[in-house]
2 protein chains.
Amino acid sequence: MTEKNTEKHTIVCLVENHFGVLARVSGLISARGFNIESLTVSKTEDETLSRMTIVVEGDAATLEQVKRQLNRLVDVVEIWELRAGEFIDRELLLARVKADDKKREDLKNVAAKFGAKISDGDDSVIVEATGNRSSLDGLLEELRPFGITKLARTGRVALERA
Amino acid sequence: MTEKNTEKHTIVCLVENHFGVLARVSGLISARGFNIESLTVSKTEDETLSRMTIVVEGDAATLEQVKRQLNRLVDVVEIWELRAGEFIDRELLLARVKADDKKREDLKNVAAKFGAKISDGDDSVIVEATGNRSSLDGLLEELRPFGITKLARTGRVALERA
């Protein structure tokens, strides 16, 4: 909860697919007072390994401690931080947005501007969009006046540039 | 690890944004022997709440117990299971794929077939794609012969149909 020098950090954690590894990793991060802004975890091309992308907010010194402790967990194969400018990041969102016939055209224009897809419905549609965080935040800003009744975001996934 | 009647279930869990809630939720699921296939968590339009989409594999009876126990956690506001056919699901993947000049055209054709974007590079590219699980599995199948050197997937995010 400390406000001193908190920044957002993107950590990638390669872990073995064992029961409870997600609970141990997220527990350790929370125990150090880090707020987990988003977390994605999914299998990799190696079926025995999963890749977690974790966005946390906190100061750099504490983050170093957390990384050292995570490295000591038996199921953690590797952990590294992605540095600004050295990776591409994307997330995906699904939103149900109100749009009667009168508003439908306006909504289509907003979707087109952000390269988002919309699926037709009666008085609401599902908007599907991908982009980096700020792009999706911009889209949501423009969708809000229509009325967002449901929202699911994946959180960030990221890959190092060459 | 039991193999009896295991199925994949998609659970949505609406939780308060408190420290440690992710660790408690994932810990409880793992403690019951459920394998978490993917998990995404991100904030909703209500900043005090996060929405988790969890894909687990296990038998239906144990899942009912897990849902009851999760409901008892103070930070869990609501939990429900999405039934096949009643939701749309998407995930996003980023993959670094080998592709020298000779292979580049073939790779572009595969990407186009799946509506995936590719970013140019020297001897490898980043492929960015969204779709449901089987669609992305199909894409990976066709990318594998090129050589996938890195892969990050968000895991499933899902929204109820109207």
Check your understanding: Non-hydrogen atoms of chain B under 4.5 Å away: do they reach the side chain of Leu159(A), the backbone, both or neither?
Key ->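 The answer is both parts of Leu159(A).
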Exercise for review: Check Thr149(B), Ile148(B), Leu143(B) against Glu45(A) for a side chain to side chain contact (heavy atoms under 4.5 Å, CB included) and give me the one that passes.
Suggested key: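 Among Thr149(B), Ile148(B), Leu143(B), the one that satisfies the side chain to side chain contact (heavy atoms under 4.5 Å, CB included) with Glu45(A) is Ile148(B).
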Point to revise | Nearest heavy atoms of Ser38(B) and Ser42(A), plus distance in Å | key: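 Of all heavy-atom pairs spanning Ser38(B) and Ser42(A), the closest is CB-OG, 4.4 Å.
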Exercise for review: Show the numbers, then the answer: is there a side-chain contact (heavy atoms from CB on, under 4.5 Å) between Lys150(B) and Glu160(A)?
Suggested key: CA-CA 9 Å; Lys150(B) 270 178 186 164; Glu160(A) 298 81 354; 3.5 Å; yes
Practice item. Answer yes or no: is there a side-chain heavy-atom contact under 4.5 Å between Val157(B) and Arg153(A)? Key: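 Side chain of Val157(B) against side chain of Arg153(A), heavy atoms only: no contact under 4.5 Å found.
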Exercise for review: Drop me the distance from Leu92(A)'s CG to Glu91(B)'s CD, to the nearest 0.5 angstrom.
Suggested key: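 The CD atom of Glu91(B) is 9.5 Å from CG of Leu92(A), to the nearest 0.5 Å.
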**Study point:** Sequence neighbours excluded - salt bridge (Lys or Arg N to Asp or Glu O under 4.0 Å) pairs with any residue from residues 23-34 of chain B
**Key:**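 Salt bridge (Lys or Arg N to Asp or Glu O under 4.0 Å) check on residues 23-34 of chain B returns Arg24(B)-Asp75(B).
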Which bit of [X] comes within less than 4.5 Å of chain A, counting heavy atoms only: side chain, backbone, both or neither?
{"X": "Ala31(B)", "value": "neither"}
{"X": "Ile36(B)", "value": "side chain"}
{"X": "Ile126(B)", "value": "side chain"}
{"X": "Glu128(B)", "value": "side chain"}

Practice item. List for me each residue that meets side chain to side chain contact (heavy atoms under 4.5 Å, CB included) alongside Ser135(A), sequence neighbours excluded, and say none if there are none. Key: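 Per chain and number, Ser135(A) pairs via side chain to side chain contact (heavy atoms under 4.5 Å, CB included) with Phe114(A), Asn132(A).
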Check your understanding: Relative to chain A, which of Val41(B), Leu140(B), Val55(B) shows the most heavy atom pairs under 4.5 Å?
Key ->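 Among the listed options, the one with the most contacts to chain A is Val41(B).
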Check your understanding: What residue, out of Ser26(B), Ser30(B), Gly27(B), has the most heavy-atom pairs lying under 4.5 Å from chain A?
Key ->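 It is Ser26(B).
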